[in-house]
There are 2 protein chains.
Amino acid sequence: MSRQRGTRARGHLTAADWAEAALAAMREGGGLAAIAIEPIAARLGATKGSFYWHFANRDALIEAALARWETLRTEEVLAQLQLATDPMTRIRELFQQVTAAVAEDPTEIALLAQAGHPVAGPVLRRVTQRRLDYLAGLFGELGLPEAEARQRSLQAYCGYLGRAQLAHAMPEVLPTGEENARYLDAVIASLLGRRSRPGG
Amino acid sequence: MSRQRGTRARGHLTAADWAEAALAAMREGGGLAAIAIEPIAARLGATKGSFYWHFANRDALIEAALARWETLRTEEVLAQLQLATDPMTRIRELFQQVTAAVAEDPTEIALLAQAGHPVAGPVLRRVTQRRLDYLAGLFGELGLPEAEARQRSLQAYCGYLGRAQLAHAMPEVLPTGEENARYLDAVIASLLGRRSRPGG
DNA sequence: CGCCCACCGTACGTCGGCGTATGGCGTCGG
DNA sequence: CCGACGCCATACGCCGACGTACGGTGGGCG
């Protein structure tokens, strides 16, 4: 609940407030269909009258919400850039952080299922491409040639996406704690061409 | 309106016809929300009057459609069982077949995003568990101990799910043809603890 | 032949959500 | 002190979809 934007800090809502509430609704409702004006208005303690002052229509709200989501994800990646200088360490930190973060945010899973949407599709593709490029850069720093780096970044990202899906649909099959650490070790090792514990 | 010949004699529809049409609508519309009685009725050349004879309500249709989907996926796995006796060959065939099959069927991606749905959730979890068990059995046949087999089956299935997502959202980043074959080789090799081409 | 009933069409009421029109209130500039 | 404007509430019409009531038809059986 932040009302910092705007000179008049009365009980008035801003477009950013609506976008944030739309993202929250999407998180809980699971999908773009959850972005509905009237329920969000009720949730904000307002009415449609307020909404249609800030936005032209529902599509504009979706656009704003997804734009907000895109910048959040982009900033997240940039924050990861500050982790460590060693690319090997960075990969490990990245995996741990990212697999934990996606567990309790169904937004991404919801967007994946809406790849055909005229607004969500391009946003999704930009975010995905950015992540793949970042991963390929990481593997490149490890000395892998371009093609090999791309291949492994793809493999790594598929593993990430799949794990995100499972974390959302069947969290009970995913390892936790110490076992999860060993699992991540194995994944990273297989991505780097070596195995951690052949004997188990 | 014109009398659209159904799949049954004398133009009459069956519950199975409705379930199949609901699955088709979900395939094209992407999501459970696409299962709407009146559009499907129009598509079948019928009206709601016909539907409510065969089903109690919309939820019953969703249940029937998902039950049909579940048996289809189960039969699919059983068909894969007949592939080859060598588990190594079976894994390869399975990967190729499965990555190709999921490319043009958004149903699974749509269901993944609906894991919280009271009907879709359990169906999804049953199918996933069945696949994981099957994969773990395959790795077990390769001589891996139980825990190791489970870990790798999880890794393999995450790779499958992620690739399915990418095939739906960003098919252009996925390799094709010869490059795809090399990619699958690398994935399988990393799952088996050896790498195919360290030098690229 | 005639009746029954499975099967379906039609019409209706309802509900939720979109978009619009318009009035009202508070705050600021003059 | 007043008008103007930014911001919002209220009320309305519309549409698509759900579910119901009921009428109708046609084919098989008595």
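Every chain is numbered from 1 and lettered A, B, ... according to where its sequence line falls, protein lines coming before strand lines.
- The side-chain contact (heavy atoms from CB on, under 4.5 Å) test applied to B:T89 returns B:A84, B:D86, B:E93, not counting sequence neighbours.
- The interatomic distance linking B:L44 (CG) with C:dC7 (P) rounds to 16 Å, in whole Å.
- Near-neighbour residues of DNA chain D inside residues 49-64 of chain B, defined by a heavy atom below 4.0 Å, number-ordered: B:Y52, B:N57, B:R58.
- If you take NE2 of B:H12 and C1' of D:dG26, they are 8 Å apart, rounded to a whole angstrom.
- In the set D:dA17, D:dC7, C:dC18, the nucleotide with an atom closest to the side chain of A:E38 is C:dC18.
- When the salt bridge (charged side-chain N to carboxylate O under 4.0 Å, His left out) test is applied to A:R130, the partners found at least two apart in sequence or on another chain are A:E70.
- Among the nucleotides D:dC18, C:dG9, D:dC7, the one closest to the side chain of B:I37 is D:dC18.
- Applying the ring pair (Phe, Tyr, Trp, His ring centres under 6.0 Å) test to pairs two or more places apart or on separate chains, those with a residue in residues 28-53 of chain A are A:W18-A:F51, A:F51-A:F55.
- Of the candidate nucleotides C:dG17, D:dC7, D:dT10, C:dG17 has the atom nearest to the side chain of A:A36.
- A:E76 meets the side-chain contact (heavy atoms from CB on, under 4.5 Å) test with A:R73; sequence neighbours excluded.
- With salt bridges taken as basic N to acidic carboxylate O contacts below 4.0 Å, one links A:E28 and A:R43.
- For the salt bridge (charged side-chain N to carboxylate O under 4.0 Å, His left out) test, residues two or more places apart in sequence or in another chain that qualify with A:R131 are A:E108.
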